[in-house]
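From a predicted model like this one, the values you see are computed outputs, not experimental measurements.
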Amino acid sequence: MAGFRFLSPLEKSSPPFLGCPSGSPSPNSMLRLLLSAQASAARLSGLLLLPPVQPCCLGPSKWGDQPPGGGLHAGPVQGLQRLLEQARSPGELLRWLGQNPTKVRAHHYPVALRRLGQLLGSQPRPPPVEQATLQDLSQLIIRNCPSFDIHTIHVCLHLAVLLGFPSDGPLMCALEQERRFRLPPKPPPTLQPVLHGGQRLEAALSCPHFLRRPRQHLIRSLAEARPEELTPHVMVLLAQHLARHRLREPQLLEAIAHFLVVQEAQLSSKVVQKLVLPFGRLNYLPLEQQFMPCLERILAREAGVAPLATVNILMSLCQLRCLPFRALHFVFSPGFINHISGTPHAFIVRRYLSLLDTAVELELPGYRGPRLPRRQQVPIFPQPLITDRARCKYSHKDIVAEGLRQLLGEEKYRQDLTVPPGYCTDFLLCVSSSGAVLPVRTQDPFLPYPPRSCPQGQAASQSTTHDPAQRVVLMLRERWHFCRDGQVLLGSRALRERHLGLMGYQLLPLPFEELESQRGLPQLKSYLRQKLQALGLRWGPEGGKRVAAPPRPPANPCSLPIQTQKARIGGGRSTLLWGVGMVRRL
């Protein structure tokens, strides 16, 4: 083959390729130039020694010398690398690679390619290159490239491009194929499935970030759903979501009620109990006219099949003040009571039946059917509700208790007292007929149950007993006692207040908005004083102690020794300081 010749000015102006330095020749023309002409030393040096990306740079950091006897390149392997780096011609490069097959490693081939570029670009008159030499070198690389790692393949590809090997030639094709084979498989593109209404609604309810805009998303998904796409599973998810997050959304609740009426024949009582749960919890009676007749038919059909589901449905209807007499006859019958006595959920059913019996006593004077026997009755709610216990650290109960203690004295109120038939009160006061707050220990704090008279429609603030001492119950209305974004009490809270009022207790609500607006204990005491005085209540000096004439100091709890103060406050200084701090943070 003819030797290389220097490029003319026209030959030096070939177009750039593959991000190489400006003025570099194309891949197909470069090999022809290398094989048929003598290239400029400066041009080849600039082409080979300025790689475009760092991983493809070859230098001592990649294949540099290692200490004798150590590392991957020690011994004969390292010696072969030095021979390749010191080769004086392309033929010598090929000879070292071909005659030492047991010593050749994958990283030797990039060293040979780099040395080939140095031989062609660093000498003023490069030695002639036989075409067979390049072909043999290509075949060696092609035959051994399956053992290359991904980095070696990248370096060989880069050097082959710089040397001008054709992009469609055997060497470039083999290296590119190995490169694609080494790459991890790409995951298939995420296809957005075409979700119809029911599927979109189910996906929305399962989204962890759904609470940001729950109503609009739900309403839109529900509006786009076809009737056959709204399955019981989807509607149960919707009902549970509304109940769990206290979302009193009329449009969605009406959709659940309509679905229940339309699918009445296909729904079991175990599914119906989940569908009616948000109506009772959110204190919402739907406008669907067939809602109550549909539930009565379902109860009549499946009351004996699933006792717990039957009682759960009646509990939701009890909160709505819509108890059907026929279902009450069934659940209070001796057969039903005997049937549930031996079941695992007997205790919870008895508690629910006790609440239903209380509702019958207080709200259904016209009922003449069977009732729950006294020996079967249990306290309804013997302790604060689970939500109140879980959020006690956010409650105003402790600071209100401290305000009442400093205002009335601790002997004139009771906290967390459970009154028959099992309702837990926040704070209870005993008041004489003249409005004086009496010490609780001198009075029976409980009103008789059942009350002596309970005419239908009686106002909650009117007493139904002839006891001259009235019982005033201060009811904390915390933020979580209401439906979200509304002023409607949850069904369980409204039921408790309604029944306490019907039993003769005078209720004094303390809304969370008013409690949160008080800044400090003095403001809270002034607020409680105004609330109590608005009911006509009166009491002695603050703290319940008489103040002696001066100059003797007042005998109030603050003047007692610190040990006595701890005993009287009930928890020591930490209780008082915690309460004051909480009010300041409001």
Side-chain angles (χ1 to χ4, degrees), residues 243 269 272-274 276-285 292 295 299 303 306-334 336-337 339-341 343 345-367 369-389 416-426 446-451 454 456 460 464 473 475 481 489-505 507:
S269 58
V272 173
Q273 68 175 343
K274 300 176 183 178
V276 300
L277 174 64
F279 297 100
R281 174 168 170 76
L282 303 175
N283 202 7
Y284 181 85
L285 183 63
M292 283 305 303
L295 289 180
L299 288 172
L308 183 58
T310 300
V311 177
N312 283 334
I313 296 173
L314 290 177
M315 284 291 295
S316 297
L317 297 181
C318 179
Q319 295 173 349
L320 297 175
R321 308 177 71 174
C322 297
L323 287 173
F325 282 17
R326 182 178 178 183
L328 292 175
H329 277 265
F330 180 81
V331 297
F332 287 143
S333 64
F336 182 84
I337 295 175
H339 173 68
I340 60 101
S341 297
T343 59
H345 45 264
F347 182 77
I348 188 65
V349 172
R350 285 175 59 194
R351 177 171 292 178
Y352 289 170
L353 291 179
S354 300
L355 189 145
L356 293 175
D357 187 82
T358 301
V360 170
E361 176 69 33
L362 299 175
E363 298 182 310
L364 298 178
Y367 178 78
R371 297 278 296 277
L372 185 66
R374 290 288 180 182
R375 66 180 183 277
Q376 297 285 349
Q377 295 182 8
V378 296
I380 303 172
F381 302 112
Q383 54 188 354
L385 298 179
I386 295 178
T387 53
D388 291 332
R389 298 199 303 271
D416 293 334
L417 180 66
T418 300
V419 300
Y423 284 110
C424 184
T425 60
D426 295 324
F446 305 126
L447 289 177
Y449 177 83
C454 186
Q456 186 177 12
T464 61
V473 177
M475 307 290 296
H481 294 165
L489 275 174
L490 295 178
S492 59
R493 310 296 305 191
L495 178 67
R496 183 179 73 156
E497 293 191 9
R498 187 167 70 242
H499 284 185
L500 287 174
L502 292 174
M503 287 188 290
Y505 294 92
L507 305 183

Trainee: Run the numbers on Asn312 and Lys274 for side-chain contact (heavy atoms from CB on, under 4.5 Å), then give the verdict.
Mentor: CA-CA 9 Å; Asn312 283 334; Lys274 300 176 183 178; over 6 Å; no
Trainee: With sequence neighbours excluded, tell me which residues meet side chain to side chain contact (heavy atoms under 4.5 Å, CB included) with His345.
Mentor: Leu308, Thr343, Ile348, Val349
Trainee: Can you give me the closest heavy-atom contact between Ile337 and Val331, atom names plus distance?
Mentor: CG1-O, 3.8 Å
Trainee: Among residues at least two apart in sequence or on other chains, which ones pass side chain to side chain contact (heavy atoms under 4.5 Å, CB included) with Thr425?
Mentor: Leu417, Val419, Leu428, Val473, Leu500
Trainee: Does Tyr367 have any side chain to side chain contact (heavy atoms under 4.5 Å, CB included) partners at least two apart in sequence or in another chain, and if so, which?
Mentor: Phe325, Leu328, His329, Phe332, Val360, Leu364, Pro370, Arg371
Trainee: Return the minimal non-hydrogen interatomic distance between Leu323 and Leu356, and the atom names on each side.
Mentor: CD2-CD2, 3.9 Å
Trainee: Can you measure from CG (Leu495) to CG (Leu490) and round to the nearest 0.5 angstrom?
Mentor: 12.0 Å
Trainee: Could you tell me whether Tyr352 atom OH has more than 12 heavy atoms of other residues or ligands within 6.0 Å of it?
Mentor: no
Trainee: Please find the pair of heavy atoms, one from Ala243 and one from Arg281, that lie closest to each other, and give the distance.
Mentor: O-NE, 2.5 Å
Trainee: Show the nearest heavy-atom pair for residues Ala359 and Cys318, with the distance to one decimal.
Mentor: CB-SG, 3.6 Å
Trainee: Return the CZ to CG distance between Arg498 and Leu507, rounded to the nearest 0.5 Å.
Mentor: 12.0 Å
Trainee: Given 3.5 Å as the limit, does a donor-acceptor pair link the side chain of Tyr505 with the main chain of Leu447, or not?
Mentor: yes
Trainee: Excluding sequence neighbours, so at least two apart, what forms salt bridge (Lys or Arg N to Asp or Glu O under 4.0 Å) with Arg321?
Mentor: Glu363
Trainee: Just by distance, do the side chain of Arg496 and the backbone of Cys424 share a donor-acceptor pair under 3.5 Å?
Mentor: yes
Trainee: If I take atom CD from residue Gln319 and atom CG from residue Leu355, how far apart are they, to the nearest 0.5 angstrom?
Mentor: 8.0 Å
Trainee: Side chain to side chain donor-acceptor pair (under 3.5 Å) with Arg326: which residues, sequence neighbours excluded?
Mentor: none
Trainee: If you measure from NE2 on His499 to CG on Leu362, what distance do you get to the nearest 0.5 Å?
Mentor: 5.5 Å
Trainee: Do you know the tightest heavy-atom contact between Asn283 and Ala494?
Mentor: ND2-CB, 3.9 Å
Trainee: Tell me, do Pro421 and Met503 make a side-chain contact under 4.5 Å, heavy atoms counted?
Mentor: yes
Trainee: To the nearest 0.5 angstrom, please state how far the CZ atom of Phe279 sits from the CG atom of Leu295.
Mentor: 8.5 Å
Trainee: Identify, with sequence neighbours excluded, every residue that meets side chain to side chain contact (heavy atoms under 4.5 Å, CB included) alongside Ala309.
Mentor: Ser269, Lys270, Gln273, Ala306
Trainee: In Å and rounded to the nearest 0.5 Å, what is the OG to NE2 distance from Ser333 to His339?
Mentor: 10.5 Å
Trainee: Quick one: does any side-chain atom of Thr310 pair with a main-chain N or O of Ala303 as donor and acceptor, under 3.5 Å?
Mentor: yes
Trainee: Which heavy atom of Val378 sits nearest a heavy atom of Phe347, and at what distance?
Mentor: CG1-CE1, 4.4 Å
Trainee: For a 4.5 angstrom cut-off between non-hydrogen side-chain atoms, does Pro379 reach Thr418?
Mentor: no
